[in-house]
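For reference, the structure discussed in these notes is given below.
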Number of protein chains: 2
Amino acid sequence: MARASQTEVAVLGGLSVQPMTGYALREAIRDVLGHFWSESYGQIYPTLAELERQGFVRREGATRTGASTFAITPPGTRRLQELLAQPVQVTPPRNGLMLRLYFGRHLGPAACRTLVQQALTEAQDALERYAEIRAEIEGQDSADREYWLLTVSAGEHSARAAQAWAHDALSTLAALDDAAGTRAGRTS
Amino acid sequence: MARASQTEVAVLGGLSVQPMTGYALREAIRDVLGHFWSESYGQIYPTLAELERQGFVRREGATRTGASTFAITPPGTRRLQELLAQPVQVTPPRNGLMLRLYFGRHLGPAACRTLVQQALTEAQDALERYAEIRAEIEGQDSADREYWLLTVSAGEHSARAAQAWAHDALSTLAALDDAAGTRAGRTS
DNA sequence: CAGTGATGTCTCTGGTAGATATATCTCTCA
DNA sequence: TGAGAGATATATCTACCAGAGACATCACTG
């Protein structure tokens, strides 16, 4: 197993919090882990089936509609700990914004400023979301609380950095735009 | 074409700097765009073949060894500008470190500290690399210079944020570890 | 001149994203 | 009552993508 499926960790981890359907699992991952993780149905359902086959999760209460809840089993919990202990798998970076800025000369300063402005807005939105998540976690008394706050803190640091960078970048691009304007004969 | 291939942008962008072989292209992307982009051979060669078929790149000088250089054509340059102008495609996040920290209770404070310590070291290494890249770009007189520095600046902000977060996180985890030790009867 | 490492092309496997097809359930409002 | 909207739920298909490795040549070096 050269490339372990990262999905397995997220699925077992999610079910370690509470039993859920595949649908609810996807919702939970999107809403709770959303700022650092994502899963699609195309991954979740096959993974659940495989984990069931291996005895790491148990399918419970298949209703008439076909909906069934999955729960983690004791071997599944051990499997989760085993997977968590494995070295972190780094996802290769693919930042579309940076790619566009790197070739920004083909795009022009104005279009680049729009892109950076969007990034700035996104960073600010992210900070607001983090504030809400932080308040919610701090309000509850879970054994996981400090760990969860660690990930929120990482998001906050990252978003503030994005914000600061965007400000710098907007200044730089404004200067570039002015220079281009001056060269083209415009005054100020 | 619902999902445009991101690889196409990187390949055309790379060839817009200078003509290269597929091998050199991959080297260039890894070394120059490496901190925000990555491509694999499995993407590059089929993409080059497809771009050649569409007339966006031209294959030049196939030597006896089979090595051939690719150059971007005028339609290719227009295609690049068209692709760059399309909305940024956000890659869904997949941060293995955060996933482990979120389920950190299953891992324990000590193991988490090791992970964060690794992240701290990586951030510091990244800062050193950025300093080198910055020096190199500032030394040359290219029309692209300001755009390239924009991406370096983003890396620097991000790495400093990671550094600051790691320091915070190490304190938090140390406190958790102490608390666990105290509960277990250890004296400091 | 054998060995090593860099250059170079290409393929195969399997992880992954995103859209979509299908169906049921629940609530609301006419 | 019943039509419709929207949430819940399962599952699949296509295309994108990473990583490893097979295979070959070339340049340098001991």
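Each chain gets a letter, A, B and so on, in the order the sequences are listed, and its residues count up from 1.
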Rounded distance in Å - CD (A:E8) to C1' (C:dG14): 14 Å

Distance in angstrom units between B:Q89 CD and D:dC17 C1', rounded: 12 Å

Check ion pair B:R134-B:E138 (N to O, under 4.0 angstrom): yes

Nearest-angstrom distance from the residue atom CD of B:Q6 to C1' of C:dG18: 14 Å

Salt-bridge criterion met for B:R79 and B:E8 (N-O under 4.0 Å): yes

Interatomic distance, B:Y45 OH vs C:dT11 P [rounded to whole Å]: 11 Å

NZ or CZ of A:R94 within 45° of B:F36 ring axis and under 6.0 Å: no

Under 3.5 Å side-chain donor-acceptor pair for B:E39 and B:W37: yes

Flag for B:E60-B:T69: side-chain donor and acceptor within less than 3.5 Å: no

DNA chain D contacts among residues 26-44 of chain B, heavy-atom distance under 4.0 Å: B:S38, B:E39, B:S40, B:Y41, B:G42, B:Q43

Modelled atom types, side-chain donor and acceptor of A:R58 and A:T73, under 3.5 Å: no

Distance in angstrom units between B:Y23 OH and C:dT9 P, rounded: 10 Å

Shortest side-chain distance from A:T21, nucleotide among C:dA17, D:dA9, C:dG8: D:dA9

